[in-house]
Amino acid sequence: MKELLYGWIRDIAFYTLLMTVVLHVLPEKSQKKYLQFFMGVVLIILVISPALKMTGLSGRLDDTYTRQTFDSELLKFREKQKALEEEYQRRVEESLEEIGQGDDAEQEEPPRKGEDIGIPEIQVTIGEPEED
């Protein structure tokens, strides 16, 4: 417990010293208020971090952030996957049309969507994003 308290005070002192140096070195005064706001938020997080660790909220916050990040990446992946599937389908249909136009003797109707044309269908199933 003593080491935890010592480390906590050391972190706050180091951060305060760093904050002071950065504010004095900053060339533009117009940016100072924004930097002070950001550094204040970080200082607040440093001050309350031991309380978050003791109550277990730190782990829950980490889990929530990880889940939200995963869900957003999953949605982006699905959008890309859908776009790729549509592009693939369009190219297959164009290829079939070119093949059909080159052979005027045999005018067959091109295969409909979902019919077997000899190209394997690829399906990827990924879990649904969690609702908060």
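Counting from 1, the numbers follow the sequence of the chain as shown.
Under the 4.5 Å side-chain heavy-atom criterion for ILVMFWY residues, no single connected hydrophobic cluster contains both Y6 and F14. Hydrophobic clustering, with ILVMFWY side chains joined whenever heavy atoms are under 4.5 angstrom apart, keeps I45 apart from L35. Hydrophobic clustering (side-chain heavy atoms under 4.5 Å, transitive across Ile, Leu, Val, Met, Phe, Trp, Tyr) groups L23 together with L46. Under the 4.5 Å side-chain contact rule for hydrophobic residues, V42 and M19 share a cluster. Residues L5 and I12 share a hydrophobic cluster, clusters being chains of Ile/Leu/Val/Met/Phe/Trp/Tyr side chains in contact below 4.5 Å.
Y88 contributes atom OH, which lies 11.0 Å from atom CZ of R91 (distance to the nearest 0.5 angstrom). Here F77 contributes atom CZ and F70 contributes atom CZ; the two are 10.0 Å apart, rounded to the nearest 0.5 Å. The CG atom of D11 sits 10.5 Å away from the OG1 atom of T16 when rounded to the nearest 0.5 Å. Taking CZ of R78 as the reference point, atom CG of L74 lies at 4.5 Å (rounded to 0.5 Å). Taken to the nearest 0.5 Å, the CD atom of Q68 stands 11.5 Å off from the CG atom of D63.
Not a single donor-acceptor pair under 3.5 Å links the side chain of W8 to the backbone N or O of I48. Between the side chain of Y15 and the backbone N or O of R10 there is no donor-acceptor pair closer than 3.5 Å.
Salt-bridge check for E86 with R90: failed, with every basic side-chain N at 4.0 Å or more from each acidic carboxylate O.
Two residues are said to be in side-chain contact when any heavy atoms from C-beta on lie closer than 4.5 Å; Q89 and E85 fail this criterion. The shortest side-chain heavy-atom distance between M39 and V22 falls under the 4.5 Å cut-off.
Shown here is E87, whose CD atom has more than 12 heavy atoms of other residues, nucleotides or ligands within 6.0 Å.
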